[in-house]
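Input: a single structure, listed below in structure tokens.
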Amino acid sequence: MSQATNQSWGGRFSEPTDAFVARFTASVNFDQRLAPQDIQGSIAHATMLARVGVLTDDERDAIMNGLNEIQGEIERGEFNWSVPLEDVHMNIEARLTEKIGITGKKLHTGRSRNDQVATDIRLFMRDEIDVIEVELKRLREGMIELADREAETIMPGFTHLQTAQPVTFGHHILAWQEMLARDHERLLDCRKRVNVMPLGAAALAGTTYPIDRHVTAELLGFDRPTENSLDAVSDRDFAIEFTSFASILLMHLSRMSEELVLWTSAQFNFIDLPDRFCTGSSIMPQKKNPDVPELVRGKTGRVYGHLMSLLTLMKSQPLAYNKDNQEDKEPLFDAVDTVRDCLKAFADMVPAIEPKKASMYEAARRGFSTATDLADYLVRKGVAFRDAHEIVGQSVAYGLKSEKDLSEMSLDELKQFSDTIEQDVFEVLTLEGSVAARNHIGGTAPNQVRAAAQRAREALNALKAGA
Ligand code: ARG
């Protein structure tokens, strides 16, 4: 194939790149997604170069105008992406030179694609983190409001997926919210390490031009320039951190999804999800499937996969830049898209969850969920806890045989197991009494759930104000 060598680096080559190799090494089909950040970074770089006298103001203006026009061409879908030009950076630079002539070739002064791409990804990640944060806040708000509304709704709490003790539905939803509050902290912490500027590191060692990295960093809204040029072009920790955040978040969403799937089943029958979040079956007319939570649960796998890809991509890489790093983009893009979609799905769906209160209540009543309350009652009357445990165990065995919940037994029936039991036992055997008695910070009592919802609301608002 009589293809010219790449115009950006062809000078030292005596034969053209093999056609397959050109295709194999090109990244433009996926990294064109970085075009807005690439242009933003180039405009800041040119502005800084003019400020320190490496470019004239006219050259800077020509470059800026050209890049802004290119941005328009890309947005209108008129830009002709070329695989022989390898990547987003060289595509844009070549088009700039086509438009403004020799001045376009001056843009790359004091810069390399190595610090350029590192900058582009960081700008991209910062933008995406900010969008993701908005969805995460919306979801947390939805959960807090749902929890507040359902502070008195009683359901069975589970350990080993066996009915354990009654809890309030609001308390359960606030447990989800706590998981997301930690994810939110992790996201904001990751953003700090994303928002550092590699430009100026050039290929690996820095540049001989009198650049001012503080100016470029400020123009791009970075907190500071990176400290070490070798590290700046090779570091992808921030991508690994983001996918770690994403993996933990999706792990949490998968747990919530699993519970939603269980709860919508006829066997649990705890909640209803509006039809718009469900689909039907092409063969079984009665089916209403909880596809949205199922899909979120399923998508967790690909995000874990991206974390493994990135960790393995970076393992054992010598300093500084290596072409391996080109493989960081697709996992990162997909992780970002998946997180965004899953958060949106949840933020839309959670406020629409309809608890079936009577059914939840009945399930809590059926499972001897106040057995611990009976034991605690006996302890308060002077029985040792181990003995109380045994007495209640016998009462439950009797209840299983006679098909009665503890609260349905007569005082005489209960007295067969302990004389200590009096009429006042029925106050603790009700579900309402059981949840109300767990009246301390972090407990399931309705007034505690309302107070916890209020604290969560305040913490979230404080975060918003601080951001
Ligand atoms: N397309 C490359 C990447 O994504 C850009 C940097 C390439 N640098 C180089 N010297 N080949 O990582």
Side-chain angles (χ1 to χ4, degrees), residues 4-13 16-18 20-42 44-45 67 70 74 79 81-97 105 107-128 194 196-207 220 226 229-240 242-243 306 309-336:
T5 57
N6 189 300
Q7 58 176 332
S8 302
W9 42 251
R12 62 99 72 212
F13 285 75
T17 314
D18 179 89
F20 166 73
V21 172
R23 188 164 58 74
F24 184 66
T25 55
S27 54
V28 68
N29 286 335
F30 49 85
D31 70 11
Q32 57 181 265
R33 186 165 171 179
L34 296 173
Q37 289 80 17
D38 198 67
I39 288 172
Q40 190 188 358
S42 289
H45 180 64
L67 287 171
I70 291 171
I74 294 170
F79 193 91
W81 296 104
S82 148
V83 172
L85 284 172
E86 212 176 308
D87 56 24
V88 60
H89 323 293
M90 294 201 291
N91 267 269
I92 291 176
E93 194 190 310
R95 177 73 184 127
L96 182 67
T97 301
K105 296 186 180 179
L107 169 62
H108 213 50
T109 312
R111 184 175 80 168
S112 152
R113 277 184 295 154
N114 298 349
D115 58 344
Q116 188 179 356
V117 71
T119 304
D120 291 1
I121 311 171
R122 284 170 184 271
L123 287 171
F124 171 82
M125 288 310 299
R126 191 181 67 192
D127 292 346
E128 293 296 330
V194 165
V196 184
M197 189 198 67
L199 269 184
L204 76 166
T207 175
L220 291 172
T226 53
S229 63
L230 293 166
D231 180 52
V233 292
S234 79
D235 168 31
R236 295 294 182 275
D237 293 3
F238 63 90
I240 295 174
F242 177 82
T243 38
H306 298 323
S309 297
L310 290 172
L311 280 169
T312 313
L313 173 68
M314 294 312 293
K315 179 182 177 294
S316 312
Q317 264 199 50
L319 286 170
Y321 176 86
N322 300 286
K323 185 75 167 181
D324 313 42
N325 286 3
Q326 183 164 290
E327 286 286 309
D328 64 354
K329 289 168 202 65
E330 288 166 295
L332 205 47
F333 291 163
D334 189 73
V336 159

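Whatever order the structure lists them in is the order used to number ligands and atoms, beginning at 1. Everything numeric in this text was worked out from a predicted model, so none of it was measured.
Looking at N91 and Q32, their side chains never bring a donor and an acceptor atom within 3.5 Å of each other. When only modelled atom types and interatomic distance are considered, N325 and Q317 share a side-chain donor-acceptor pair under 3.5 Å.
Atoms of ligand 1 found under 4.0 Å from any heavy atom of N114 (numbered from 1 in listed order, with element): 6 (C), 7 (C), 8 (N), 9 (C), 10 (N). Within the listing of ligand 1, atoms 3 (C), 4 (O), 12 (O) sit less than 4.0 angstrom from a heavy atom of K329. Within ligand 1, counting atoms from 1 as listed, the ones closer than 4.0 Å to a heavy atom of D87 are 1 (N), 2 (C), 5 (C). Listed by number with element, the atoms of ligand 1 under 4.0 Å from a non-hydrogen atom of Q326 are 1 (N), 2 (C), 3 (C), 4 (O), 12 (O). Which parts of ligand 1 touch S27 is read off a 4.0 Å heavy-atom cut-off, strictly below it: atoms 1 (N).
H45 contributes no side-chain N or O that, together with a main-chain N or O of H108, makes up a donor-acceptor pair within less than 3.5 Å. In this structure, the side chain of D115 does not engage the main chain of L199 through any donor-acceptor pair within 3.5 Å. Although no hydrogens or angles enter the test, the distance criterion places no donor-acceptor pair under 3.5 Å between the side chain of D18 and the main chain of P16.
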Open item on the list: Assess the residue pair D38 and Q116 against the criterion (side-chain contact (heavy atoms from CB on, under 4.5 Å)); give the C-alpha distance rounded to whole Å, side-chain angles, the decisive distance to 0.1 Å, and a yes or no.
Closed with: CA-CA 8 Å; D38 198 67; Q116 188 179 356; 3.0 Å; yes

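In this structure, atom 11 (N) of ligand 1 lies nearest to the protein heavy atom R113 NH2, 3.6 Å. In this structure, the protein non-hydrogen atom closest to atom 12 (O) of ligand 1 is Y321 OH, 2.5 Å.
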